[in-house]
Undergrad: 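Quick one: the structure is below, questions incoming.
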Number of protein chains: 4
Amino acid sequence: MGKVAGVSSAPRPRGRPRSEKTRQAILAAADELFLEHGLDAVNMDEVAERAGASNSTIYRWWPSKHVLALDALVTAWEEATGLDRDRGSLRADLRALVRPWVKRVAARPYARMIAALVAEVHRDPAFGEIWRVDFVQERRRRGRAAFVRAIERGEIAASTDVELALDLLYGSLYHRLLHGHEPITERIGDRIVDAVLGGVTELARSA
Amino acid sequence: MGKVAGVSSAPRPRGRPRSEKTRQAILAAADELFLEHGLDAVNMDEVAERAGASNSTIYRWWPSKHVLALDALVTAWEEATGLDRDRGSLRADLRALVRPWVKRVAARPYARMIAALVAEVHRDPAFGEIWRVDFVQERRRRGRAAFVRAIERGEIAASTDVELALDLLYGSLYHRLLHGHEPITERIGDRIVDAVLGGVTELARSA
Amino acid sequence: MGKVAGVSSAPRPRGRPRSEKTRQAILAAADELFLEHGLDAVNMDEVAERAGASNSTIYRWWPSKHVLALDALVTAWEEATGLDRDRGSLRADLRALVRPWVKRVAARPYARMIAALVAEVHRDPAFGEIWRVDFVQERRRRGRAAFVRAIERGEIAASTDVELALDLLYGSLYHRLLHGHEPITERIGDRIVDAVLGGVTELARSA
Amino acid sequence: MGKVAGVSSAPRPRGRPRSEKTRQAILAAADELFLEHGLDAVNMDEVAERAGASNSTIYRWWPSKHVLALDALVTAWEEATGLDRDRGSLRADLRALVRPWVKRVAARPYARMIAALVAEVHRDPAFGEIWRVDFVQERRRRGRAAFVRAIERGEIAASTDVELALDLLYGSLYHRLLHGHEPITERIGDRIVDAVLGGVTELARSA
DNA sequence: GTGTAATCGAGACGGTACGTCGAGTCTTGTG
DNA sequence: CACAAGACTCGACGTACCGTCTCGATTACAC
């Protein structure tokens, strides 16, 4: 992945250094092609060609197609992530989290991408580890922070099971995304936040 | 898939009839092998061999590996599904729904199977349709019935968004299953039911 | 094949008798389809359909596709074979043999058919036997007769190696037909006859 | 096929060079297996395995089984072809041509191989072209040279139809080989040469 | 500058599953 | 029995693409 590596005090490796330009071109090509056509519909040579790189350069730095795809996804996702400031209430914080997610996911075929990666998670445990560290926990971290602030603020009980709350929140969203039984809209995002906060009761009131 | 029903007064088809024994042997072989080793780790010839059938007989009746896997999954799932009787309260009904699901899913590697199928859903829209009709809606139907009974009973507001409630419930469960960040236990099942019913508040109380 | 079978004094078999109409329809369908599109481009179901018969009826009477094709070829070839009368000279006799052959072979894609059957001859020795008995020897018989008459007539030496002469004659013709390096014309047929007659002298001397 | 020649100053192709060792191993495996068991009795994976190569490497360089078989045949045939020197008389030249051919063909089941290729010639015109260029014309070239020398030498008439003479010669040989009605022996080879020489006179006269 | 050591592009290679196709056999019910 | 219908077994085909490998060409730093 690369990010894992370089601490500042690298021992200055000998030989020709890795081309940063090529690295970014590969990630950009992967992001575009995989997202646009789907992971299975694009082969590595096409990514290489689009990036102006070669098959072997990709495999020198990424161990597999799926790891590359994940890296590309994470990279693109990070660039587009806004700040994480306190909105004053849990509801506002969660909405600020959910709304961009919904917008992003509704705009481009991320569902296909994520579904393919999730499948790989269960096919290759090593990839699963990378997935959880680089993607899942990274997403949950911000949601968790919002709940923690709410507890500190006295807005919700200190004993709240934050992890479960996150499952409720993200679970509902990913469920719609992956199972595809209903479309994902901004309005649904808000209502899910409400429901998580209030349960079934809220489901009636916010109808 | 076969379940197309078929009215009782079948027009008596000509020719050698399809072998019901072979059909079941194929479904059983698919269920066992795909579940045990994963969809990608098993090829069609292995399924055929285990079923004592031939490659082409499989392809004559199932258009692809994924459709076969889904049929096998649905068939096995149906056999094991208990009755759907009224337990008196929404909480009890939902628990009666969730507990067997959790037990089943914890016992065998269903996550891998479902992840692979979900990926295919997004790869092939036609398969997505089959998936939603044969699997998703079939599972949701029973949950929906529980909510409807609760409304009739006056237990929850008539205006409750049942679909969203189902997303909350199944979403949380599938989220844990697919993303694999936390294990799935019986206890978690109950707590998710509680949380769906009461939202974050309940998350504190039931902790 | 059929012709091999039935001696006249059949013991009158029980049950439904074989349909002669169907037999001929199958042979006709095989002749047309195989000759027109090639043995490999036509499958047995197509022959069956064209004949208004079924797959299994064909296989009840002909043991394989190639045997059927050969039977069809022989049948059609026989119908079209003229009489074998004495033309007065060996040259005239041979021309009377070669000309219709050339005409026939130039008019329709027999080369493809024969090439496929010859290949099968070497793939399956049992078929080779049928081929030689029903087709090769049958064709050579008439050529041989012409040479025998020439010998009786004193036109060529009695020591002439007739078999070799036949190889020279038919060999040249089949060579052009099968190897396809040069087209087959009526004129070529005559010249081959002339050349063979020139060589025959030598055939006697070197015996 | 490879024989495209290539001028000495090759522009030094980029990338990993084709493995000459593998190429030869594949040709050798094809030659042995196809000749030994017949083209249809051997599948490509068996050839690949015997060659220590992979299925896809074969298909990368040879478009079909038949083309591979032909290449293997031509390669093996070429290696075993002696020099083409003048023996002083047409008869001696032709015998020098025919005898090794007979010996070769009698020793191993070439008939089956050639019959299969000839069938393919008529099934696939593109293959027919390769066949004629790489095999047929190549074989005829040397026979033609012998006749040309005989003409220059004044041994036979200048008006002799050499092509027809070649058909007589090779036609008889191939006829015995392919139709299988009589065995092929050294003696027969010589007698065919004699017969052809006798016919050649006629070939000039009737021109 | 020159040497060393790594990267890069090009492309061949092994491995392996896919889904298709056809020959020939078997199993029904009908005539 | 013969026959039509059509399901079944067997097994090859040629395709696709992943990830590995082998080259020569290139690039940076160290000396």
Side-chain angles (χ1 to χ4, degrees), chain A residues 12-19 21-23 40-46 48-49 51-66, chain B residues 12-19 22-23 40-46 48-49 52-65, chain C residues 13-19 22-23 40-46 48-49 51-66 68, chain D residues 12-23 40-46 48-49 51-65:
Chain A
R12 185 67 69 96
R14 310 198 13 180
R16 178 175 175 175
R18 175 176 183 185
S19 161
K21 213 176 97 189
T22 297
R23 193 190 129 258
D40 315 81
V42 178
N43 65 33
M44 291 301 255
D45 286 349
E46 286 165 339
E49 188 177 2
S54 76
N55 182 322
S56 45
T57 297
I58 298 183
Y59 278 104
R60 199 186 332 270
W61 301 108
W62 292 272
S64 77
K65 190 182 190 176
H66 288 97
Chain B
R12 188 72 68 91
R14 309 274 307 260
R16 176 173 176 176
R18 176 175 180 185
S19 163
T22 297
R23 194 190 127 256
D40 315 81
V42 179
N43 66 33
M44 291 299 252
D45 286 347
E46 286 165 341
E49 188 177 3
S54 75
N55 182 321
S56 39
T57 296
I58 299 183
Y59 278 106
R60 190 168 320 120
W61 299 108
W62 293 273
S64 75
K65 192 181 191 174
Chain C
R14 308 191 16 174
R16 177 173 173 178
R18 174 175 184 185
S19 161
T22 297
R23 192 189 130 259
D40 315 81
V42 179
N43 65 34
M44 290 301 256
D45 287 349
E46 285 165 339
E49 188 177 1
S54 75
N55 182 322
S56 44
T57 297
I58 299 183
Y59 278 104
R60 199 189 330 274
W61 301 108
W62 291 271
S64 77
K65 188 181 189 176
H66 289 97
L68 171 61
Chain D
R12 187 73 66 92
R14 307 277 306 260
R16 178 174 175 175
R18 176 174 181 184
S19 162
E20 178 61 17
K21 212 176 99 189
T22 297
R23 194 190 127 257
D40 315 80
V42 179
N43 65 33
M44 290 300 252
D45 286 347
E46 286 165 340
E49 189 177 1
S54 75
N55 182 321
S56 38
T57 295
I58 300 183
Y59 278 107
R60 191 166 318 121
W61 299 108
W62 293 273
S64 76
K65 193 180 191 173

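Each chain gets a letter, A, B and so on, in the order the sequences are listed, and its residues count up from 1. Computation of the quantities below employed the complete heavy-atom set of this structure, encompassing side-chain atoms and omitting hydrogens, waters and symmetry-equivalent molecules.
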Undergrad: Can you tell me how far the CZ atom of C:R60 sits from the OG atom of C:S54, to the nearest 0.5 Å?
TA: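 C:R60 atom CZ to C:S54 atom OG measures 7.0 Å (nearest 0.5 Å).
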
Undergrad: Phosphate oxygens OP1/OP2 of F:dA2: is one of them under 4.0 Å from a side-chain N or O of C:W61?
TA: no

Undergrad: Side-chain N or O of D:W62 less than 4.0 angstrom from OP1 or OP2 on F:dG14?
TA: no

Undergrad: Categorize C:T57 for me: base, sugar-phosphate, or nothing, with a 4.0 angstrom heavy-atom threshold over every strand shown.
TA: sugar-phosphate

Undergrad: With rounding to the nearest 0.5 angstrom, report the OG to CE distance, D:S56 to D:M44.
TA: 11.0 Å

Undergrad: What's the CE-C1' distance between A:M44 and E:dG9, to the nearest Å?
TA: 15 Å

Undergrad: Hey, does the side chain of D:E49 reach the backbone of D:E46 with a donor-acceptor pair shorter than 3.5 angstrom?
TA: no

Undergrad: Does C:A48 have any side-chain contact (heavy atoms from CB on, under 4.5 Å) partners at least two apart in sequence or in another chain, and if so, which?
TA: C:I58

Undergrad: Compare side-chain N and O positions of A:Y59 against OP1 and OP2 of F:dT20 and report whether any pair is under 4.0 Å apart.
TA: no

Undergrad: With nearest nucleotides of DNA chain E determined for C:S64 and D:R60 from heavy-atom distances, which residue corresponds to the more 5′ nucleotide?
TA: D:R60

Undergrad: Measure from CD1 on C:I58 to C1' on E:dG22 and round the result to the nearest Å.
TA: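 The answer, rounded to whole Å, is 14 Å.
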
Undergrad: When the distance from CD of B:E46 to P of E:dT16 is rounded to whole Å, what number comes out?
TA: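 So the CD-P distance, B:E46 to E:dT16, works out to 11 Å.
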
Undergrad: In this structure, how many angstroms lie between the P atom of E:dA23 and the NZ atom of C:K65, rounded?
TA: 4 Å

Undergrad: Distances under 3.5 Å between protein N/O atoms and the N/O atoms of nucleotides 21-23 of chain F, please, pair by pair.
TA:
unit_1: F:dC21; atom_1: O2; unit_2: D:R16; atom_2: NH1; d: 2.9

Undergrad: Any side-chain to backbone donor/acceptor pair from C:K65 onto C:V42? Under 3.5 Å, distance only.
TA: yes

Undergrad: Give C:A48 one of three labels, base, sugar-phosphate or nothing, depending on what nucleic acid heavy atoms sit under 4.0 Å from its own.
TA: nothing

Undergrad: More 5' along DNA chain F: D:D40 or B:S54, using each one's nearest nucleotide?
TA: B:S54

Undergrad: Separation of D:R18 atom CZ from E:dG14 atom C1', in whole Å?
TA: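 After rounding, the gap between these two atoms is 16 Å.
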
Undergrad: Let me spell it out: for each of B:D45 and A:A53, pick the nucleotide of DNA chain E with the closest heavy atom. Which residue's pick is nearer the 5' end?
TA: A:A53

Undergrad: With sequence neighbours excluded, what pairs up with B:T22 under the side chain to side chain donor-acceptor pair (under 3.5 Å) test?
TA: B:S19

Undergrad: For D:N43 and for C:G52, locate the closest nucleotide of DNA chain F by heavy-atom distance; then report the residue assigned to the nucleotide nearer the 5' terminus.
TA: C:G52

Undergrad: Using the ring of A:W61 (Phe, Tyr or Trp, six-membered ring only), decide whether A:R23 places NZ or CZ under 6.0 Å from its centre and within 45 degrees of its axis.
TA: no

